[in-house]
There are 2 protein chains.
Amino acid sequence: MSKMSDKPEISNAEFEVLDVLWDSHPATSNEVISRLNDKKDWHEKTVKTLLGRLVKKEVLGFEKQQRQYLYYPLIAREDYTKKETASFVSRLFKGKITPMIAGFANQNSLSKQDISELKALIKEWEQNND
Amino acid sequence: MSKMSDKPEISNAEFEVLDVLWDSHPATSNEVISRLNDKKDWHEKTVKTLLGRLVKKEVLGFEKQQRQYLYYPLIAREDYTKKETASFVSRLFKGKITPMIAGFANQNSLSKQDISELKALIKEWEQNND
DNA sequence: ACACATGGACTACAACTGTAATCAACAAAG
DNA sequence: CTTTGTTGATTACAGTTGTAGTCCATGTGT
């Protein structure tokens, strides 16, 4: 036995497409295209290709609605971001988040609000782990 | 004018090579190869190719020592990780670190030590930003 | 019914990647 | 000196990615 859903590699361009579908789904290719138009400047055909590749990779599913397809994500954003974050932090920071945040901090990328959110997060963690 | 050192795209495999050079440099290709042997199972030729590509991308520099080259990084690990982190967090979390850490937290990936380090970090931030 | 528009499927194609093998030049060994 | 090994340089080659274009079947307007 093997080949148990081996992490589908999602490319950068593909991610953008998936991202708008996470925001709201299901959606037709045209909806996806027009939503992407706000940020990216991609040709319609390009987006369709990406949709197709994501389907092939089993990242998206679809359901025919007469002539068109209604696409929707097959994986949850949370699951994806969690895995990606873990592997990112593992690669670049040997798995320790603090150094990463430290990088943010001394780069002035931390706002007062970030700090208070972090504090809240810590407090919550401490309550769940007394 | 333009073309001001446009972020050299470093691939995953290339990153591993760069990583061991960040750990200690300069180093000959053989040193790099043997250090990588501990983690990766790459053919000698593969590593040499990667070294070459990194040189071409101006990520590594070298200096001849008779027959061999002594390679060394041209970019600092800190600079690289900072940029990568910023773009990562920007893409996956709209630039907010807290949601990322929250993902870590509810995945039980935060240790007691992480938490105390985070607290220290916050305290430090607050002192510098009163 | 028929011509045209439209949506997905298939095809294109160069650059980048992972993963090496071959080549050429020089150094080491005999 | 000549053979041999070693080192970087060049070449290989398939798969992925970015970015579309072409084909074919079906829906639409007349």
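Order of the sequence lines sets the chain letters (A, B, ...), proteins ahead of strands, with each chain counted from 1.
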For atom NZ of K57(B), decide whether the heavy atoms of other residues, nucleotides or ligands shown that lie under 6.0 angstrom number more than 12. yes

Closest to the side chain of Y69(B), out of dT17(D), dT17(C), dA9(D), is dA9(D)

So, applying ring-ring contact (aromatic ring centres under 6.0 Å, His included) with W22(B), which one of Y71(B), Y72(B), Y80(B) is it? Y80(B)

Can we say E84(A) and R91(B) salt-bridge, meaning some charged N sits less than 4.0 Å from an Asp/Glu carboxylate O? no

Touch class at under 4.0 angstrom, heavy-atom based, for T49(A) against every strand present: base

Euclidean distance, atom CZ of residue F62(A) to atom P of dG7(C) [Å, nearest integer]: 16 Å

Of N12(B) and E44(A), whose closest DNA chain C nucleotide lies nearer the 5' terminus? E44(A)

Measure from the side-chain heavy atoms of R67(B) and tell me the nearest of dG21(D), dA27(C), dA20(C). dA27(C)

Test for a donor-acceptor pair under 3.5 Å between the base of dT10(D) and the side chain of R53(B), counting only N and O atoms. no

In whole angstroms, the gap separating P of dG5(D) from CG of N30(B) amounts to 16 Å

Record whether the side chain of K45(B) comes under 3.5 Å of the base of dT22(C) through a donor-acceptor pair of N or O atoms. yes

Rounded distance in Å - CG (L50(B)) to P (dT17(C)): 11 Å

Single-linkage hydrophobic cluster, 4.5 Å side-chain cutoff, L51(A) and L70(A) together: no

Between dA9(D) (C1') and K64(B) (NZ): distance, integer Å: 11 Å

Whole-Å distance separating the CD atom of Q66(B) from the C1' atom of dA25(C): 15 Å

Closest to the side chain of T46(B), out of dG18(C), dT7(D), dA20(C), is dA20(C)

Between P26(A) and E31(A), what is the shortest heavy-atom contact and its length? O-OE1, 4.1 Å

Under 4.0 Å, heavy atoms only, any strand: does K57(B) hit a base, just the sugar-phosphate, or nothing? sugar-phosphate

Looking at the side chain of W42(A), which of dA9(D), dG5(D), dT19(D) is the nearest nucleotide? dT19(D)

For dT7(D), does either OP1 or OP2 sit under 4.0 Å from a side-chain N or O belonging to T28(B)? no

Nearest-Å distance, NZ (K56(B)) to P (dT11(D))? 10 Å

K48(B) NZ to dT22(C) P, straight-line distance once rounded to whole Å: 15 Å

The nucleotide from dA20(D), dT19(C), dG8(D) with an atom nearest the side chain of Q68(B) is dG8(D)

Nearest-Å distance, CG (L54(A)) to C1' (dG18(D))? 13 Å

Earlier contact from the 5' end, DNA chain D, for H43(A) and A13(A): A13(A)

